[in-house]
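Bear in mind that the values here come from a model prediction, so they are computed numbers and not experimental data. Below, read A as the first sequence line, B as the second, and so on, with proteins coming before strands; counting in each chain starts at 1.
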Protein chains: 2
Amino acid sequence: MMVSMDVTMGTLPQPELSEVDVATVLAALADPVRLSIVRELHRVGESTCTALDVPVKASTVSHHMHALREAGIVTTRIAGTTRPSRLRTADLEKRFPGLLNIVLAG
Amino acid sequence: MMVSMDVTMGTLPQPELSEVDVATVLAALADPVRLSIVRELHRVGESTCTALDVPVKASTVSHHMHALREAGIVTTRIAGTTRPSRLRTADLEKRFPGLLNIVLAG
DNA sequence: CGACTATTACGATCATGGTCGTAGTATTGG
DNA sequence: CCAATACTACGACCATGATCGTAATAGTCG
């Protein structure tokens with residue numbers, strides 16, 4: 001068995017939050033499945049697509065995660081064959097103050 | 001000529017903002033035309049559908065205003081044949097603190 | 001290498017909703 | 001009443017995107 005050689009894995013491509021406009025973020029959040037994904041990520045901290053408890057197929061979850069990533073809402077790191085994602089809480093709060101709280105409160 | 005008999009005209013049906021869920025508001029705001037309507041309403045205070053400077057036909061503007069009204073974002077009063085609308089700024093700030101500022105800043 | 005798992009890419013289907021035109025309603029003014 | 005204006009209701013068309021199944025890719029374990 002190999003010891004892990006590099007803890008600093010890469011992340012999937014994601015935009016600078018300063019370059020993301022409001023319309024993109026709102027459109028990404030205007031979906032019930034994606035809203036539940038965001039809330040679950042906030043609750044558990046980090047999760048892969050298959051571990052999420054949403055009523056759609058895995059390929060659909062991947063599609064939604066892609067949309068959330070392109071909107072700057074989540075960041076996804078590469079860990080072996082898995083792609084754990086988590087909310088970009090600090091970045092979002094700086095760019096859109098209060099937005100995350102609004103979404104999580106609902 | 002008749003003097004106006006009743007300044008207290010009615011308003012078009014609108015929901016209590018406490019009964020509006022986040023998904024509805026986000027979906028209503030996730031459209032470029034509706035975003036520009038919201039921003040213009042904030043700038044001029046109040047406006048009718050035809051007076052708004054948006055690149056769509058009047059019937060489409062009416063459709064969008066209907067969506068914004070059902071989402072609790074605008075209130076529309078009845079004034080003769082016109083229907084001037086304005087943002088429900090205070091209600092929105094109480095229900096979704098910071099949301100309006102995020103939208104208007106973009 | 002081969003089996004298994006996690007994920008993504010791709011194409012197909014289908015529902016949602018943005019847009020328009022037309023028609024209908026309501027109010028004002030002549 | 002008649003005309004004009006503001007708006008809405010309705011139906012039609014069409015682009016977008018949510019969903020799925022399948023296939024392809026990549027890592028892990030033996």
Among [options], the one nearest [X] by side-chain distance:
| X | options | value |
| --- | --- | --- |
| B/Cys49 | C/dC20, D/dC20, D/dT8 | D/dT8 |
| A/Val56 | C/dT19, D/dT19, C/dT7 | D/dT19 |
| A/Thr81 | C/dG21, D/dT19, C/dA6 | C/dA6 |
| B/Thr50 | C/dG21, D/dC7, D/dC20 | D/dC7 |
| B/His63 | C/dG18, C/dG21, D/dT19 | C/dG18 |

What is the distance, to the nearest angstrom, from the [atom1] atom on [X] to the [atom2] atom on [N]?
| X | N | atom1 | atom2 | value |
| --- | --- | --- | --- | --- |
| B/Leu68 | C/dG18 | CG | P | 10 Å |
| B/Arg83 | C/dT27 | CZ | C1' | 9 Å |
| A/Glu70 | D/dA18 | CD | P | 12 Å |
| A/Arg77 | C/dT8 | CZ | P | 14 Å |
| A/Ile78 | D/dT25 | CD1 | P | 17 Å |

- Query: Do A/His66 and A/His63 pass the side-chain contact (heavy atoms from CB on, under 4.5 Å) test, and can you show the C-alpha distance, the side-chain angles, and the key distance before you say yes or no?
  - Reply: CA-CA 5 Å; A/His66 185 82; A/His63 162 75; 5.7 Å; no

Return no unless some side-chain N or O of [X] is found under 4.0 Å from OP1 or OP2 of [N].
| X | N | answer |
| --- | --- | --- |
| A/Thr60 | D/dC20 | yes |
| A/Ser59 | C/dT7 | no |
| A/Arg34 | D/dA18 | yes |
| B/Ser62 | D/dT8 | yes |
| B/Arg69 | D/dT8 | yes |
| B/His64 | C/dT19 | yes |

- Query: Would you say A/Arg86 and A/Leu41 make side-chain contact, with heavy atoms under 4.5 Å?
  - Reply: no

- Query: Taking atom CG of A/Leu68 and atom OG1 of A/Thr76, what is their separation to the nearest 0.5 Å?
  - Reply: 9.0 Å

- Message: Students often get this wrong, so: under 4.0 angstrom with heavy atoms, is B/Val33 touching a base, only sugar-phosphate, or nothing?
- Response: sugar-phosphate

